[in-house]
Amino acid sequence: MFGLIDGNAFYCSCERAFAPKLRGKPLVVLSNNDGCIIARTSEAKALGLKMGEPWHLVQNKPGIEQVQWLSSNYELYGDMSRRMYQVLEDIFPLVEPYSIDEMFLDLRGLPNAYALSHKARDLVRTIAKIPTCVGIGPTKTIAKLANAIAKDQPNWHGVCDMSDPEVRHSIYMGTALSEVWGMGPASVEKAAKLGVFSIQDFVALPTEEVRKVLTVVGLRTHAELNGQSCLALSLVPPQKKMLACTRSFSRAVTTWEEIRQAVATYAETAARRLRQAGLYAAGMQVFLQTNPFAPKDPQYSPQRTFGIEGTSDTRALIAAALRAAERMWRPHFRYHKVGIILLDLYSPQSVPPSLFPSRDPKRSAALMKAMDALGDRYGRGAVRIAATAPEGSWNMKRSRLSPRYTTAAEEMLTVGV
DNA sequence: TCTGGGGTCCTAGGACCC
DNA sequence: TCTGGGGTCCTAGGACCC
């Protein structure tokens, strides 16, 4: 059994924890540049404010004057999230943070999962000052759905337990497929074309049909909703694969100097985060973007993706980012956003993936040549040994380094590639 | 005037290899 | 003369999530 605990209007609740005068009133938290609504209390929701709505477009809604609003404060939210985790890890054998405001709970073998869920809610509310709801189910997807129902329907008193198949069946009958985790607008539309609207319609579909229309992703959701667990709880967070720092400007930007400033700043921020994570990057993407919301403006949204010498050094990363940005920048455009994305992240203790540089054909050719030379020198067997991975032999020339190949790659390095 | 930011996974299709 | 087929890797783009 899985549980999912989720903070109600999390960012708003974090703010309210330290500002009691905000309690009981409509409150929204806004994104960067105070652009969009990214969290709203039930009172704000009741006024018709929606998630993601541009703040400047709701100014005319009736009752908007009474809505309190705040710019976002991610340090605070991260801190509150850790507090929530600390309360939960004392109650449950395993807690897996899923997002800043959600944690999966391991309820396997707990006879009193329902009572414990209530206890967890109470403690998180009193200690971490965050109101929550809990969903319970035999799979993560069902627990997530149960959580959404606990939030929507007050008669569950904050904990919705969907471990009973009959409870599930009756909920599936009366709930739209769009409520399901992983079913976005595109999937919901495809399902509707098959006459599938409720969750019950969906789970009744044959698996081949699901596979055909919604690929393996839909298939997994289908199995999960049918009670077959495909998504396990994990003890360790997976290794980060990319790291981005991107911002919209608060006004249109035209000069190279302003772009240069922004690119350098974001590269510096990205480098700092990279070092905090203890990682190096072997790839980088830099992009500029004009304003897609101003369709009359000439649009120009170039991007460059390239390999770099594996590093987390600020100056090196800034220099690489600026070189790329300078080549892309053109005068006469009104730029709206720029960003740096660090790719091919790896631990500096392992072999840098840039040794297999998909992004640099010249070095790739050099590697192939070295492989051939290696073959000549040691005979084909040497190459074959070097290219043996736990899963069996694989074509070294055509592979990029992934962590499970580290040993083979190191072996190759020791013989001089 | 003002429309977020940071992620992951999957697929299709091209390039390439033998 | 017959002009293949199995396989991998990579990228771009779509979809989804919070």
Side-chain angles (χ1 to χ4, degrees), chain A residues 4 6-7 9-11 28-39 50-59 71-72 74 77-78 81 97-103 140-141 144 147-148 178 180-190 211 214-221 231 237-252 266 269-270 273 277 283 285 287 289 291-295 303-307 334 336-345 353 356-361 364-365 368 371 387 389 391-402 405:
Chain A
L4 179 72
D6 179 324
F10 186 70
Y11 297 168
V28 296
V29 170
L30 304 179
S31 66
N32 196 258
N33 293 331
D34 298 331
C36 295
I37 299 173
I38 53 171
K50 298 193 177 60
M51 282 294 270
E53 234 179 339
W55 184 233
H56 74 273
L57 291 181
V58 302
Q59 301 292 340
S71 302
S72 42
Y74 291 102
Y77 311 148
S81 181
Y98 168 66
S99 72
I100 195 162
D101 70 327
E102 287 168 277
M103 287 152 211
K140 280 186 166 179
T141 302
K144 194 95 165 72
N147 177 276
S178 57
V180 172
W181 186 34
M183 287 292 157
S187 302
V188 167
E189 202 182 317
K190 284 178 192 159
R211 161 81 230 215
L214 298 176
T215 78
V216 297
V217 185
L219 206 55
R220 198 183 60 197
T221 302
L231 303 168
Q239 143 107 55
K240 200 193 252 304
K241 296 180 173 166
M242 58 169 262
L243 189 162
C245 185
T246 69
R247 290 283 179 287
S248 300
F249 298 112
S250 48
R251 56 176 177 78
Y266 304 161
T269 303
R273 291 189 198 152
Q285 182 177 104
F287 68 86
Q289 207 183 92
N291 190 350
F293 299 107
Q303 69 89 14
R304 292 281 184 283
T305 308
F306 49 94
R334 296 164 58 76
H336 169 254
K337 184 176 185 176
V338 309
I340 310 291
I341 303 174
L342 301 178
L343 307 164
D344 296 343
L345 307 190
F356 299 85
S358 59
R359 305 177 200 290
D360 186 348
S364 189
M368 286 190 200
M371 288 288 297
E391 287 75 17
S393 65
W394 106 115
N395 185 345
M396 173 74 84
K397 284 186 185 178
R398 313 217 43 76
S399 289
R400 297 205 311 147
L401 185 66
S402 78
Y405 297 137

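Predicted model, so just to flag it, every value in this text is computed and none were measured. Below, read A as the first sequence line, B as the second, and so on, with proteins coming before strands; counting in each chain starts at 1.
- Applying the side chain to side chain contact (heavy atoms under 4.5 Å, CB included) criterion to Lys241(A), with sequence neighbours excluded, gives no partner residue.
- Looking at residues two or more places apart in sequence or on another chain, you find a side chain to side chain contact (heavy atoms under 4.5 Å, CB included) between Asn291(A) and Phe293(A), Ala294(A), His336(A).
- In DNA chain C, consecutive stretches of 3 or more Watson-Crick or G-U wobble pairs with both distances under 3.5 Å are given as paired ranges: B:5-18 with C:5-18.
- With sequence neighbours excluded, the residues that form a side chain to side chain contact (heavy atoms under 4.5 Å, CB included) with Ile37(A) are Val28(A), Leu30(A), Arg40(A), Leu49(A), Glu53(A), Trp55(A).
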What N/O pairs connect the protein and nucleotides 1-4 of chain B at under 3.5 Å? Give each pair on its own line.
from	atom 1	to	atom 2	distance (Å)
dG4(B)	O4'	Ser31(A)	OG	2.7

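- At the heavy-atom level, Leu243(A) lies under 4.0 Å from the strands shown only through sugar-phosphate atoms.
- Taking Ser178(A) as the reference, Ala176(A), Val188(A) meet the side chain to side chain contact (heavy atoms under 4.5 Å, CB included) condition, with sequence neighbours excluded.
- Every residue meeting the side chain to side chain donor-acceptor pair (under 3.5 Å) condition with Glu102(A), not counting sequence neighbours, appears here in chain and number order: Ser99(A), Lys144(A).
- Under the rule for a salt bridge (charged side-chain N to carboxylate O under 4.0 Å, His left out), the partners of Arg334(A) that lie at least two apart in sequence or sit in another chain are Asp297(A).
- A search for salt bridge (charged side-chain N to carboxylate O under 4.0 Å, His left out) contacts involving Asp34(A) returns nothing, not counting sequence neighbours.
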Every protein N/O lying under 3.5 Å from an N/O of nucleotides 9-11 of chain B:
from	atom 1	to	atom 2	distance (Å)
dC9(B)	OP2	Lys241(A)	NZ	2.7

Ignoring hydrogens and angles, write down the donor-acceptor pairs under 3.5 Å from the side chains of residues 242-249 of chain A, residues two or more places apart or on other chains.
none

Expected string for nucleotides 12-18 of chain C under the B/S/- scheme (protein heavy atoms, under 4.0 Å, primed atoms plus P, OP1, OP2 as sugar-phosphate) is ---SSSS

